[in-house]
Structure formats: C-alpha cells, structure tokens
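As structure tokens, the structure follows; a few thoughts come after it.
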Protein chains: 2
Amino acid sequence: MTAQSRPPKTPASLTMLARHAGVSIATASRVMNGVTNKASAETVARVRAAAAELNYRPAGAGQALRRRESRIVAMLAAALANPVMGAIASSVEIGLRGEGLVMSLCDTREQAAVQDAYLEEMQAQMVRAVVLAGAVDSPGLDRMRAEGPPLVFVNRPDPGDPGSAYVGIDNRAAGRDLAQAVLGLCCGPVALVHGLLDRTAGTYRRQGILEAFAAAGRGAPELAEIAAPGLNQLEAGRAAMAQALAAGLRPAAVICLSDALAYGAHRALEEAALPGGEAVRFFGFDDLIFNDWVAGWLSSVAVPRDLYGPAVMEVLGQLWQGAPPAGPVYLPHHLSLRGG
Amino acid sequence: MTAQSRPPKTPASLTMLARHAGVSIATASRVMNGVTNKASAETVARVRAAAAELNYRPAGAGQALRRRESRIVAMLAAALANPVMGAIASSVEIGLRGEGLVMSLCDTREQAAVQDAYLEEMQAQMVRAVVLAGAVDSPGLDRMRAEGPPLVFVNRPDPGDPGSAYVGIDNRAAGRDLAQAVLGLCCGPVALVHGLLDRTAGTYRRQGILEAFAAAGRGAPELAEIAAPGLNQLEAGRAAMAQALAAGLRPAAVICLSDALAYGAHRALEEAALPGGEAVRFFGFDDLIFNDWVAGWLSSVAVPRDLYGPAVMEVLGQLWQGAPPAGPVYLPHHLSLRGG
DNA sequence: CCGCGTTAGGAAAACGTTTACCTTTGCGTG
DNA sequence: CACGCAAAGGTAAACGTTTTCCTAACGCGG
C-alpha cells in the first residue's frame, strides 16, 4: 500500500465552485461568506450543495491577500518543553479554533534573536495577532508594539511596557498569598530560590513574597534569597540549593519561583541527605500537572489551565475592535497544598 | 506608554521596493530570490540596499498564491501538555527554520474529528507538508494520504499504513531491549501496564516485550498484563495498578508502556503502602525530562530529543524531491537506568 | 555593414479571494 | 403609463508574487 509518486490534486477553487453551481464567482463568494441578501434561497442552496460536493474550502492565501490579513494567529512560546506552555497553548488554541482561526505556534527558546525572527516572519504572514507566552525584551518587540498586529502577553507580562495586554495570574498577589501560607504553616528560616530574575513573572512573584514577609515582621535573616544562573531551571534550582546547604543554611521551608526550580532544589536536598531533611516543606509556582503524581512534597500556586483560552479571546476581541490595550487581565490562582 | 488606537502600518510590498530601487518589480523579485544572471551587480546591490532600507519581506500570502504552496509546514501533535511532544515539536521546528520554513503547531487532543478539521484547514493553507506526532486513524487522514501534501509520522507510526514515512524509535526493538533488561535485573512476577492499545507505538512496544519474555521462557503467569481505560494516562496507570494490587498481584517489577502510565502506577503502589513496596522496580518509555529530578525510581527508554528535527528534515527533503515514502527511519534509543 | 548571440531588464498574466459598482428584472405607486 | 425602488446577481479591479515571454542594446565574426 505504499503511496506512489505524489499526486497532490489541487483543491477546488472558487472559480470551479461557481462554475459547478452555475453562478458567478461573486455570488459563490458571497454565499460562502454568509451574505444572504444578495442571493435567492434557491441559489444559496445550490452553492452550498456544490461546495459540499467539491469539498470546497477557501484558500487561505487568496483570502489573506485580498483581506490583507490571514486567518492565522501566531503564538510565541518561550519553551515548549515546559508543560505549562503546552497547556496554555492548547487552551488558547481551542479558543482560536472557536472563531475559525488557526494558531501558529513557535518556540523562541527564550532568545531575543529567535523571537525577533519569528515576529518578522509572522508579520510577513499577515497574522491577525501575536500571543506571547513568555516574551523577552527585544528590538523587534518594540517595533511591533509600535506598528504591527495586536499583541497579547500571556503568563509573563510584557517586559517592555506594563500597559500591554496581559493574561495570567497576578504574580505579585500570588507571591503574597503563597508567602502568607508559608508564614502560617512553618516557623523557622525560609529560603527563597530563584534563577535569572530577568523574567517579569519571577520579579513580581518575588516582590509579593518580600512584601508579605516584611509585613509579618520577618525580614532578611529569616528569609534568605538564593539563586544560581543557568538557562535550565531544574539545574539552577539544584545548584542554588546545594550551594546554600553547603554554606550551612538549614531552612524549614523553601519557596521557589517556579516548580521547575523546586524540582531541582528538592533533589539537592535529597542528595545532601541531611537528618530531618524530609521535614522541609517546598513551595512553588505553576503547579505542574505531574506534581500530584510524583511531587507530593510540593505545594504550588495553580491557575486553571482552561481559563487562558477564553481570556485571551476576550482580550483579542477588544483589540480587534480597535480598543487600546487594556492592561492586565488577572486569572484566579489558588494554592494546591500538599505534603506535611 | 500605553499604545493608542492601532496604526498597523502595512509592510513594504514588492512594488514599493521596486519603485524605491528604480527597477521593475520583475527585477526586484528576481534579486530577492537570488536569480543573479538577470541583473547587473550594480542593480543587485541597489535592490538589496532598498530592501534593507524598507525592511522588506516577501508577503507570505502573495508567494503562497503564486507558487500554490506556502512556506508553512503543519505539525499536528496529539497532546501538547505532554512534554515529550513539546520537545519533539521544538526539535522539528529548529530543523524547519533552518530551511526558511515556518511551523504551524496544533493540538489534536487525540481526537479524530479535531485532527481532520486541522488537516482540512492546513490543506486550505497550502502547507508544504504535515508532520503528525501521534496520529489517530481518521477518514481525513486517508484522504490526505491519497491526495495531499507529504505526510511524516513522528513517534507513533501511521495507524493506517505501515509504509508511510515514520521517524522515531523502533518501538518493538525498544520493547525487547527493555524486557531483556528487566529479565536480567529482576526475578519474580512482572506486571505490564498499558492504557488504550489503539496507539501504534504502544502496540509495538508490547509486542517486543512479549517476544522477549517468551524467548526467555517466562510467559503468561509470570508476566501479567493489566490495563485500564481512560484518556488520561496518569489516571489510567493508577487505576490499573490499584486494581491489580487489590486483586492480590505482587509484582517484583512493573513495566509501563509510557512514563505517564508509570507515574500513575507508582502512585497507586505508594497509596497501597504495602510492606516492601519500595523494592518494586518501575520501567517505562519516553524518559520524561523530569524523571531525573522527581522519579529516581523509574528506568525508562530514552531517545535523544535533538535527533527528531534533523531526521524529519531528511525525510521531508526526500519526499519533496518526489521520492515515495521510504518507510521507517529509526532513531537510536537507550535505557536510562535508575533506582535499585 | 549585416546577422547573431548574449546580457539586462521590462510588460503582463496568473494564482484565489473579496467587494465596489453596475445591470437586469419585477413590482408597487402616483 | 411613467417612475422609482428593491431584489438578484454579474463584471472587474485589486491584493503581492513569480515567471514566461518579449525587447533593447551591445559585442563580434564574417
């Protein structure tokens, strides 16, 4: 059954459809676009039947060319290997499909150059909007903010303009909430683990945490910030934690700015095999889907994944109607408490 | 700095470029496409300069319309929330970008209807090829095999035609290798956990495992197959394992057809809190990136993630040259041994 | 000086849609 | 009956490329 040399039969065009239905292409086009006041009921039926018979679908290129806008919406994710991004992309995609749009998903690998290349390419594709899940600051982003399709930032606010449209949790509030829970549950020193702080989400989370600790009167010596560089958060968390433990830090609780960091930090603690090490509580952000299965020791700030899509669609709808970016749209978060 | 009502300045067209450079659009087009034997060196330089100045990029829609083929390659993933899919997509994308192509990634949710909707849409976009990471059998897939752009199946062979192009591990051989390792490491009864077996990859893996056990003379009573329905592999693994444990099964080793199943099964074992439960060894497939961090108890069949992209590009190159689908391209796998 | 080949480049058609504008027909009203 | 208006639908231009075909100029051998 191996296929022969390919015969990619071209799909039916509007011209063929019109001929098949015995009408002009103008009429065929109008019927396919639901313009009913320009054709009799009988004509509409005939065209519809012909379309079904020929399996007609309007060619995206033709539409894009004429309308000067394609049915594609670009989504630029910072790291697809991160299941959080995958879940968000999936949710956004459902929303887009609901409006007959197509998502074009790309992986920027957190690199400004790659992100810019994609932004350029997507503009050449006349995309209707660009959704950025984890944007980094870049010249191309600046250019596109000024003159380009609507931009929506997801899960990580625009690093260059706080007024840009944003959909995701209120990271600062989430930080405060998490910190308050930690303060209520644990006494003793707390370690705050972060990787690179050039990500807006992490910055805001940290801010909230610091605020809550300050408000509770438990400041610097009791809250130790530890960090390690490195693009890979898992490795960074491990390195930071190992270093801190080696330096004699013995936290009662560890707060990590992301679950991936927590995975790394936890492993460092296990490897240190300290007496009483199992009693240390871990806290993170993102609530990876695997936490329930293999990380019962980790409490994490979760956001309902399915909410991203509808919220993004809502924001896009407004932007397409010409409204200026309305700033942040916060999704509700909650703390998934585990262990202890 | 909030942006005003949007001024999406249209990008420069070939006509503008030609006027700016003082040549005809034909010449401009030829220069942009690297056809050098039709323009003097001086003209080429002038056009290039104008292109840089205007930040010109050819409009995808115009090209697609004229060439009857866009620069887009569709990738249909079965479940983006699965980090394996994300990693594969990322690798394929790097390969595509290297050839100046754009990836359009979609999530089919393992549903034939969604997959077909995407296949239709992608054909309307005149995509240059479709890469399917986890295809399910569907009428639209049959149609596209017969008359459509080239198809490449990744990580899960074509459920409908074994001769289709495939890139991924040799699942049967991987099953054999894993089983042999299990046979060498553990004595006592072995449980084989699977979810739905309508996935080609799982079927082949199971086949290899059964073969190896049969060859070692350790058949049915010593190798117990357990399964549970359910789309979510994590839940399915847990349910299957819980059921088996309740029925009195006490395996020395558990082989799961995927790591997600293993996560579920492991949790069921933990929840059962059996004496000696920690001694049970787990084996899986995919080697999720988190295994090293939070699943030290799981050995898994791994495949170098970066190999997907180059291999897919190689296959696509051949298909675009008109070669018939060449059947499977096997990537090397190896067993990541952990625990014990 | 004529004919010819080569180089450099232009004119125009075609790809598939959408839409502004036009035409035809039928009907109601003064 | 003359007029106007609505309904139904056709004509053609435009979107941005690519590519085929054409032309003009030039060099060169006879």
Side-chain angles (χ1 to χ4, degrees), chain A residues 8-48 50-51 54-72 100 121 123-128, chain B residues 8-48 50-51 54-72 100 121 123-128:
Chain A
K9 213 177 66 183
T10 74
S13 76
L14 196 51
T15 310
M16 300 188 211
L17 173 64
R19 204 183 337 264
H20 201 78
V23 299
S24 74
I25 65 167
T27 301
S29 171
R30 285 188 286 246
V31 170
M32 294 317 289
N33 285 312
V35 181
T36 53
N37 64 331
K38 286 294 226 170
S40 69
E42 195 240 352
T43 306
V44 169
R46 218 168 54 238
V47 174
R48 293 245 167 87
L54 293 180
N55 194 18
Y56 171 77
R57 301 210 70 184
Q63 289 187 312
L65 194 55
R66 170 65 217 224
R67 300 187 168 150
R68 319 184 53 68
E69 181 173 70
S70 81
R71 281 206 327 284
I72 301 176
E121 177 62 36
Q123 199 166 18
Q125 297 288 340
M126 305 195 228
V127 296
R128 211 169 273 207
Chain B
K9 213 177 67 181
T10 75
S13 76
L14 197 52
T15 310
M16 300 187 212
L17 173 63
R19 206 184 334 267
H20 201 79
V23 299
S24 73
I25 64 167
T27 301
S29 171
R30 285 189 285 246
V31 170
M32 294 317 288
N33 286 310
V35 181
T36 52
N37 64 332
K38 286 295 227 171
S40 70
E42 194 240 351
T43 306
V44 170
R46 218 168 53 238
V47 174
R48 293 245 168 87
L54 294 180
N55 195 18
Y56 170 76
R57 299 210 72 183
Q63 289 187 312
L65 195 56
R66 170 64 218 224
R67 300 185 167 153
R68 322 184 51 68
E69 182 175 70
S70 80
R71 281 209 323 285
I72 301 176
E121 177 62 36
Q123 200 167 18
Q125 297 288 339
M126 305 195 229
V127 296
R128 210 169 276 207

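Here is how names work: the chains are called A, B, and so on, in the same order as the sequence lines, proteins then strands, and each is numbered from 1.
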- Looking at residues at least two apart in the chain, or sitting in another chain, which of them share a side chain to side chain donor-acceptor pair (under 3.5 Å) with B/Thr27? B/Ser24
- Can you check whether B/Thr43 has a side-chain N or O nearer than 4.0 Å to OP1 or OP2 of C/dG9? yes
- Item | OG1-NZ distance between B/Thr43 and B/Lys38, expressed to the nearest 0.5 angstrom | 13.0 Å
- 5' priority, DNA chain D, between A/Thr36 and B/Tyr56 [closest heavy atom]: A/Thr36
- Looking at A/Ser70 and A/Val127, what are the two nearest heavy atoms and their distance? OG-CA, 3.9 Å
- Five pairs at each end of the helix from C/dC1-D/dG30 to C/dG30-D/dC1: take the axis at both ends and give me the angle between them to 10°. 60°
- Task: Using a 4.5 Å cut-off on heavy atoms from C-beta on, say whether the side chain of A/Ile72 contacts that of A/Arg128.
- Result: no
- Message: Which residues pass the side chain to side chain donor-acceptor pair (under 3.5 Å) test with B/Arg71, not counting sequence neighbours?
- Response: A/Glu121, B/Gln63
- B/Glu42 CD - C/dA8 P separation (whole Å): 12 Å
- Of the residues in residues 64-71 of chain A, which ones touch DNA chain D at a heavy-atom distance under 4.0 Å? A/Leu65, A/Arg66, A/Arg68
- Anything under 4.0 Å to a heavy atom of chain A counts; send over the first and last such nucleotide of DNA chain D, read 5' to 3'. D/dA8 to D/dG16
- Length of the CG-C1' vector between B/Asn37 and C/dG9, whole Å: 12 Å
- Note on the structure: B/Lys38 atom NZ is separated from C/dT6 atom P, nearest whole Å, by 13 Å
- Query: Should A/Met32 and A/Tyr56 count as side-chain neighbours, where that means a heavy-atom distance under 4.5 Å?
  - Reply: yes
- Note on the structure: Contact check, residues 13-26 of chain B vs DNA chain D, heavy-atom distance under 4.0 Å, returns B/Ser13, B/Leu14, B/Ile25, B/Ala26
- Any donor-acceptor pair under 3.5 Å linking the side chain of A/Arg30 with the backbone of A/Val35? no
- Task: For A/Arg46 and A/Ala21, indicate whether the former's side chain and the latter's backbone hold a donor-acceptor pair under 3.5 Å.
- Result: yes
- Query: DNA chain C: A/Ala59 or B/Ala28, which has the more 5' nearest nucleotide?
  - Reply: B/Ala28
- Distance-minimising heavy-atom pair for A/Ala39 and A/Val44: CB-CG2, 3.9 Å
- Item | Nearest-0.5 Å distance that lies between atom CG in B/Leu54 and atom CE in B/Met16 | 8.5 Å
- Query: When rounded to the nearest 0.5 angstrom, what distance separates CD in B/Gln123 from OG1 in A/Thr10?
  - Reply: 9.5 Å
- Message: Is there a side-chain contact between B/Thr27 and the phosphate of C/dG10, meaning an N or O under 4.0 Å from OP1 or OP2?
- Response: yes
- Message: Looking at B/Arg19, I want to see if its CZ is surrounded by more than 12 non-hydrogen atoms of other residues, nucleotides or ligands under 6.0 Å.
- Response: no
- Query: Considering only heavy atoms from C-beta outward, does the side chain of A/Asn33 approach that of A/Ser29 to under 4.5 Å?
  - Reply: yes
